[in-house]
> 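First the structure, then my questions, so here it is.
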Amino acid sequence: MLFAVIAVQLALAVGLSIGGVKTVQAETRFSDVPPGSWYERAVMQARTRGMVDGFPDGTYRPEKALTYAEYLSMLAKLVSIEPEKPAPGDHWAAGTIRALQNAGILDGATWRPEWIQAPIPREKALVYALRALGIPPRDASFDFFVDSDRLSDVDRGYVNTAYLESLTDGIGRDAATGERRFGAGQTLTRAQAAVLLNQLFDYRADAQAYRQKKAAEQAKEKIPGNDPNKTVWNAARAVKIGGKTITAQIVYVNPKSPRVKIKTALGGGVVGGTEDLAALARRHGAVAAINGTFFNAYSDKQPQGNLEIKGKFVHLSNVGSTVGFGKDGTVRFSTLRTFVDGMLRDSFEWPDNWYAWGINHLRDEPAAITLFTPEKGTKTGKATGHSVIVRRGIVQAIVTGEAAIPPDGFVVHIGPDPTNRDILSRFEVGVSAGYRLRHEDPAKRPIDWSMIDDAVGAGPRLVMHGRIVVDPRREGFTDPKILTLGGARSAIGTTKEGYVMLVTVPGATIPELAQVMKALGAVQAMNLDGGASSGLYYRGRYLTAPGRAISNAILVFEDR
């Protein structure tokens with residue numbers, strides 16, 4: 001025990017050389033690190049852990065910008081990568097750079113030799129940190145920060161993953177929108193580096209424990225203007241748009257309250273069913289409800305947008321935008337594009353792979369391949385083609401035309417078009433079968449949707465980061481009701497305080513609706529189904545009564 005104590009004391013006294021700078025004795029305090037400053041503890045802890053050191057004059061220089069060479073030298077020590085021996089005339093960090101390249105942490109997509117003496121931006125620090133920890137980028141499609149548009153696709157993927165892993169929270173909130181700001185392009189300071197390196201150290205030691213600790217800290221976060229005692233309440237506001245006044249009915253929801261949940265529900269309990277909005281809300285015990293995605297109101301009642309319930313997609317559409325709700329109060333807007341990848345014999349590779357055009361949506365095209373699940377009801381409703389019946393992960397039968405949907409499985413309906421013969425031939429009774437969903441944005445960048453449990457797709461987007469961004473044609477809309485005409489509208493948005501707004505207006509075009517949502521304080525907003533479907537229910541009564549039964553809805557629950 002005495003030897004261990006002496007060894008620790010010696011290690012602290014000797015210190016380490018980082019970034020080619022001669023270090024000071026570790027038992028002395030840095031003269032320019034103020035006691036009680038936001039970075040004091042991080043600097044001293046990072047120093048004790050052998051990741052940072054000071055200058056010969058006893059200073060740490062916390063606001064000094066780090067170069068790529070200095071930061072990468074710190075990172076190499078964190079992950080115990082020994083520098084290679086530099087050649088005569090090499091830069092002092094050349095051996096470290098080569099060692100990191102050999103370890104696969106630096107490559108042609110993330111590193112340029114001419115950067116070695118340049119100040120390192122915050123995003124590059126995270127790119128190298130995640131690569132050093134072996135964490136791949138998961139999602140470059142979504143902007144978790146108001147300034148994410150200033151990041152390249154490669155950098156955004158790593159920054160988003162660092163946020164999801166609680167390795168960055170940005171540099172505060174944007175004054176105009178209240179959303180998180182990352183600080184894209186800003187140089188990493190020595191103080192910020194100390195904080196990041198400690199987080200990486202703790203994450204590397206026990207990632208699960210680190211994430212649990214960060215989640216507990218985030219749950220206590222105080223958002224400016226956000227009253228944790230508020231749950232669900234309503235208001236009416238008149239908004240002047242051009243020469244007319246539009247009165248909006250609003251239900252406000254605090255998704256961060258542990259007493260509040262936001263979920264998706266189906267009219268009649270099945271895809272293609274309909275139900276009065278108030279009856280649907282009362283049946284589930286919701287305190288508030290707004291109509292959800294579009295549906296074929298005058299024919300088969302089929303929905304037209306994405307619908308996710310309890311982590312399972314029960315209907316798919318690759319048009320428009322989607323709003324999703326997570327267990328932890330997350331509310332996420334995305335131009336989600338979702339694809340069904342099927343497998344046979346436990347393989348997703350040819351010749352055992354298959355695919356489907358959608359889930360629980362009847363299509364007229366002979367070439368269509370459709371996945372039907374129990375949420376559709378008891379029958380597929382398709383009289384032509386072939387139906388592959390899967391129960392408990394095993395193909396039970398292959399029949400012609402309509403099939404019963406098993407409660408413990410699914411049906412793959414394969415249209416009669418001759419081009420589908422190859423797909424049909426891959427299925428055999430008795431083999432294993434399953435599927436997975438692949439989420440992308442319109443640019444085919446992967447989207448990590450794992451944090452979302454319930455979702456509704458509609459659109460178009462109205463507001464993004466506090467700016468009006470209406471572009472329905474780009475999202476795939478062609479109906480004049482969306483492109484040019486006015487009418488009753490429903491929308492969902494979030495405010496800078498983090499509140500969700502469920503909004504209905506009696507008459508507006510899509511561009512006017514976007515202006516209304518921005519005037520109400522939305523920093524993110526999306527259009528929902530409108531016209532006679534537009535309805536808003538609140539605590540036992542209608543604020544806006546829909547003109548027909550609706551196909552699906554967003555429900556708000558409040559624990560007393």
> For Thr373 and Asn360, which I'm curious about, is there any donor-acceptor pair between the side chains at under 3.5 Å?
yes
> Check Ile452 against Thr330 and note the closest heavy-atom contact, atom names and distance.
CD1-CG2, 4.1 Å
> Do Val260 and Asp559 have side chains that approach each other closer than 4.5 Å (heavy atoms only, starting at C-beta)?
no
> Going by atom types alone, do Thr370 and His413 pair a side-chain donor with an acceptor below 3.5 Å?
no
> Would you say Ile447 and Ser334 make side-chain contact, with heavy atoms under 4.5 Å?
yes
> Any non-hydrogen side-chain atom of Phe295 less than 4.5 Å from a side-chain atom of Asp300?
no
> Can a salt bridge be assigned to the pair Arg156 and Asp143 using a cut-off of 4.0 Å between side-chain N and carboxylate O?
yes
> Looking at every heavy atom in both Thr189 and Leu66, which two are closest together, and how far apart are they?
O-CD1, 4.2 Å
> Would you call Arg539-Glu558 a salt bridge at under 4.0 Å N-O?
yes
> Could you verify whether a donor N or O on one side chain and an acceptor N or O on the other, from Arg438 and Tyr355, lie under 3.5 Å apart?
no
> For Asp174, is there any backbone N or O sitting under 3.5 Å from a side-chain donor or acceptor partner on Glu179?
no
> Stepwise, does the ring-ring contact (aromatic ring centres under 6.0 Å, His included) test hold for Tyr252 with Tyr499?
CA-CA 6 Å; Tyr252 292 92; Tyr499 298 136; 7.1 Å; no
> Does some side-chain heavy atom of Tyr128 sit less than 4.5 Å from a side-chain heavy atom of Tyr158?
no
> Can you find a side-chain donor-acceptor pair between Gln249 and Thr544 that sits under 3.5 Å?
no
> Nearest 0.5 Å, please: how far is OG in Ser533 from CG in Leu277?
10.0 Å
> Taking the side chain as every heavy atom from C-beta outward, state whether Arg548 and Tyr298 have any atom pair closer than 4.5 Å.
yes
> Indicate whether the side chain of Glu123 and that of Gln186 have a donor and an acceptor atom separated by less than 3.5 Å.
no
> Check for me whether the distance between the ring centres of His439 and Phe142 falls short of 6.0 Å.
no
> What is the minimum heavy-atom distance between Leu126 and Leu167, and which atoms define it?
CD2-O, 4.4 Å
> Does any pair with a residue in residues 260-281 pass side chain to side chain donor-acceptor pair (under 3.5 Å), and if so which ones, sequence neighbours excluded?
Glu275-Arg283, Asp276-Tyr542
> Starting from the C-alpha separation in whole Å, work towards a yes-or-no answer on side-chain contact (heavy atoms from CB on, under 4.5 Å) for Ile492 and Phe333.
CA-CA 10 Å; Ile492 182 170; Phe333 295 84; 4.1 Å; yes
> Are side-chain N/O atoms of Arg461 and Gln524 paired as donor and acceptor at under 3.5 Å?
yes
> May I ask you to say whether Lys124 pairs ionically with Asp155, meaning some side-chain N is under 4.0 Å from a carboxylate O?
yes
> Report the residues that fulfil salt bridge (Lys or Arg N to Asp or Glu O under 4.0 Å) with Glu402, sequence neighbours left out, ordered by chain and then residue number.
none
> Side chains of Leu483 and Arg473: does their closest heavy-atom pair fall under 4.5 Å?
yes
> With a sphere of 6.0 Å drawn around NZ of Lys444, does it hold more than 12 non-hydrogen atoms of other residues, nucleotides or ligands?
no
> Which value, rounded to the nearest 0.5 Å, describes the distance between Ser148 atom OG and Arg180 atom CZ?
12.0 Å
> Checking Pro374 now: which residues fulfil side chain to side chain contact (heavy atoms under 4.5 Å, CB included) with it, not counting sequence neighbours?
Lys312, Ile405
> Between Arg190 and Tyr39, is any side-chain donor less than 3.5 angstrom from a side-chain acceptor?
no
> Quick check for you: to the nearest 0.5 Å, what is the distance between Leu336 atom CG and Glu308 atom CD?
8.5 Å
> Any heavy-atom pair between the side chains of Thr168 and Phe182 that's under 4.5 Å?
yes
> So how far is it from Arg237 CZ to Met501 CE, rounded to the nearest 0.5 Å?
8.5 Å
> Using the side chain to side chain contact (heavy atoms under 4.5 Å, CB included) criterion, which residues pair with Gln304? Sequence neighbours excluded.
Phe294, Asn296, His361
> Using modelled atom types and a 3.5 Å cut-off, is there a donor and acceptor pairing between side-chain atoms of Asn291 and backbone atoms of Ile550?
no
> Taking C-beta and beyond as the side chain, do Ile482 and Pro460 meet within less than 4.5 Å on heavy atoms?
yes
> Quick one: list whatever passes salt bridge (Lys or Arg N to Asp or Glu O under 4.0 Å) with Asp529, sequence neighbours left out.
none
> Report the residues that fulfil side chain to side chain contact (heavy atoms under 4.5 Å, CB included) with Thr161, sequence neighbours left out, ordered by chain and then residue number.
Leu130, Ile135, Pro137, Arg138, Glu165
> Any chance the side chains of Ser534 and Arg489 put a donor and an acceptor closer than 3.5 Å?
no
> Is Asp453 salt-bridged to Lys310, going by a charged N under 4.0 Å from an acidic O?
no
> Quick one: do the Trp357 and Glu365 side chains pair a donor with an acceptor below 3.5 Å?
no
> Say whether Asn306 and Thr322, considering side chains only, have a donor N or O and an acceptor N or O under 3.5 Å apart.
yes
> Pair Tyr435, Phe410 - check ring-ring contact (aromatic ring centres under 6.0 Å, His included), show working.
CA-CA 10 Å; Tyr435 66 93; Phe410 56 88; 5.2 Å; yes
